[in-house]
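When reading the values below, keep in mind they use all heavy atoms of this one structure, side chains included, and skip hydrogens, waters and symmetry mates.
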Amino acid sequence: MDLLTELRTHRIVAIVRGDDADAALRTVLTLGEENIPLIEVSLSGKEALGVIRRARATLSPTAPLGAGTVLTAPDARAVHEAGADFVVTPAVCEGITEAKRLELPVLAGVMPPTDIVAARRLGADAFKIFPAAQAGGPAYLRALRGPFPATPFVPVGGVDTEAAHEYLAHGATAVGVGPPLIGDAADGGSVDALRTRARAFRDAVHRPKRAA
């Protein structure tokens with residue numbers, strides 16, 4: 001899987017984390033139906049490995065399915081065995097090293113520039129600015145692009161539709177979105193409401209960009 005190509009094409013990573021494994025699976029499948037195919041199932045959700053296995057068995061073999069909150073080497077091995085195509089970490093951690101050993105692409109969580117350099121040395125493929133809103137939002141991304149102009153950044157945390165468009169206008173490769181997109185769908189909430197939010201986000205990330 002070419003993670004960078006997927007990020008540049010789809011421009012949004014949907015982050016699924018829920019207390020109801022069946023609802024989380026429905027959420028993953030619904031997002032795929034709504035043409036938001038780049039999906040991360042967080043290990044902090046209920047029965048997350050089972051959700052990944054079931055989703056992998058149901059989705060198209062070419063659908064990119066990721067695992068999030070991968071912190072440790074055992075986490076990386078478990079999600080690899082479950083069928084994840086890529087790994088997302090919340091920080092610079094051993095999950096990156098083990099995922100790369102397993103030839104899984106990694107979206108690594110970073111905050112200050114030191115993290116970016118450290119994650120790059122470990123082989124990270126793209127860099128998740130987390131938590132983006134608390135770090136300073138689009139202005140922080142703009143500042144990072146000075147010393148790291150060609151680095152593929154994916155802001156995550158507090159990203160609504162307008163923020164998504166703004167981050168992309170300021171050079172983000174993609175954005176990661178959890179609750180503003182997923183809502184309560186992964187806990188058993190309305191799938192119809194999820195479809196409405198998915199369409200709004202899809203429109204926002206593919207809207208023509210304003211100049212940065």
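- Counted by atom type alone, T161 and R197 present zero donor-acceptor pairs between their side chains at under 3.5 Å.
- Distance check, rounded to the nearest 0.5 Å: CG of L43 to OG1 of T89 gives 11.5 Å.
- A distance of 12.0 Å separates NZ in K128 from CG in D115, rounded to the nearest 0.5 Å.
- Residues T151 and P149 form no side-chain contact, since every pair of their non-hydrogen atoms from C-beta on lies 4.5 Å or further apart.
- The cluster map of Ile, Leu, Val, Met, Phe, Trp and Tyr, joined by side-chain heavy atoms under 4.5 Å apart, puts L194 and V16 in the same cluster.
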side-chain contact (heavy atoms from CB on, under 4.5 Å) between L104 and H80, worked out
CA-CA 8 Å; L104 290 173; H80 180 255; 3.8 Å; yes
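- Hydrophobic cluster membership is shared by V28 and I12, with clusters built from Ile, Leu, Val, Met, Phe, Trp and Tyr side chains linked at under 4.5 angstrom.
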Could you go through the side-chain contact (heavy atoms from CB on, under 4.5 Å) check for F148 and F153 one step at a time?
CA-CA 9 Å; F148 303 103; F153 288 121; 3.9 Å; yes
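- To the nearest 0.5 angstrom, L65 atom CG is 11.5 Å from S60 atom OG.
- Closest non-hydrogen pair, G32 versus I39, comes out as N-CD1, 4.1 Å.
- The closest side-chain heavy-atom distance from L107 to F127 is not below 4.5 Å.
- Shown here for V41 and A48, the closest heavy-atom pair between the two residues is CG1-O, 4.1 Å.
- Within the 4.5 Å cutoff, the side chain of R202 has no heavy atoms near those of the R11 side chain.
- Between L29 atom CG and E34 atom CD the span is 12.0 Å, to the nearest 0.5 Å.
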Can you check side chain to side chain donor-acceptor pair (under 3.5 Å) on R8 and T173, steps first, answer last?
CA-CA 6 Å; R8 289 167 180 153; T173 300; 5.2 Å; no
One pair to check against side-chain contact (heavy atoms from CB on, under 4.5 Å): T27 and I182. What are the steps and the verdict?
CA-CA 8 Å; T27 298; I182 305 305; 4.0 Å; yes
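- Taking both residues in full, the closest heavy atoms of A172 and P155 are given as CB-CD, 3.6 Å, listed atom of the first, atom of the second, then distance.
- Using a 4.5 Å cut-off between side-chain heavy atoms of Ile, Leu, Val, Met, Phe, Trp and Tyr, with links allowed through other members, I52 and L59 fall into the same hydrophobic cluster.
- In this structure, G158 and A133 approach most closely via the heavy-atom pair CA-CB, 4.3 Å.
- The hydrophobic cluster containing F86 also contains F130, counting ILVMFWY residues as joined when their side-chain heavy atoms lie under 4.5 angstrom apart, directly or transitively.
- Between L3 and M1 there is a side-chain heavy-atom pair separated by less than 4.5 Å.
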Step-by-step side-chain contact (heavy atoms from CB on, under 4.5 Å) determination, I15 to V177:
CA-CA 6 Å; I15 304 165; V177 187; 5.9 Å; no
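- Side-chain contact between P180 and F201: present, with at least one pair of heavy atoms (C-beta onward) separated by less than 4.5 Å.
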Begin with the C-alpha distance, continue with both residues' side-chain angles, and end with the deciding distance and a verdict on salt bridge (Lys or Arg N to Asp or Glu O under 4.0 Å) for K46 and D187.
CA-CA 10 Å; K46 186 173 182 180; D187 299 319; over 6 Å; no
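- When side chains are defined from C-beta on, V88 does not count as touching V154, because their heavy atoms never get closer than 4.5 Å.
- Under a 4.0 Å N-O distance rule, the pair D125/K100 qualifies as a salt bridge.
- A 4.5 Å side-chain heavy-atom check between L144 and P113 finds at least one atom pair inside the cut-off.
- Scanning all heavy atoms of the two residues, the minimum distance from D75 to T69 falls at OD2-O, 4.0 Å.
- Interatomic distance, I96 CD1 to L122 CG, rounded to the nearest 0.5 Å: 5.5 Å.
- Ion pairing between R195 and E33 holds under the 4.0 Å rule for side-chain N and carboxylate O.
- Using a 4.5 Å heavy-atom cutoff, the side chains of R54 and D22 are in contact.
- Taking 4.0 Å as the cut-off between side-chain N and carboxylate O, E94 and R101 do not count as a salt-bridged pair.
- Y167 and V156 end up in different hydrophobic clusters when Ile, Leu, Val, Met, Phe, Trp and Tyr side chains are linked at under 4.5 Å.
- Between V51 and A21 the shortest heavy-atom distance is CG2-O, 3.7 Å.
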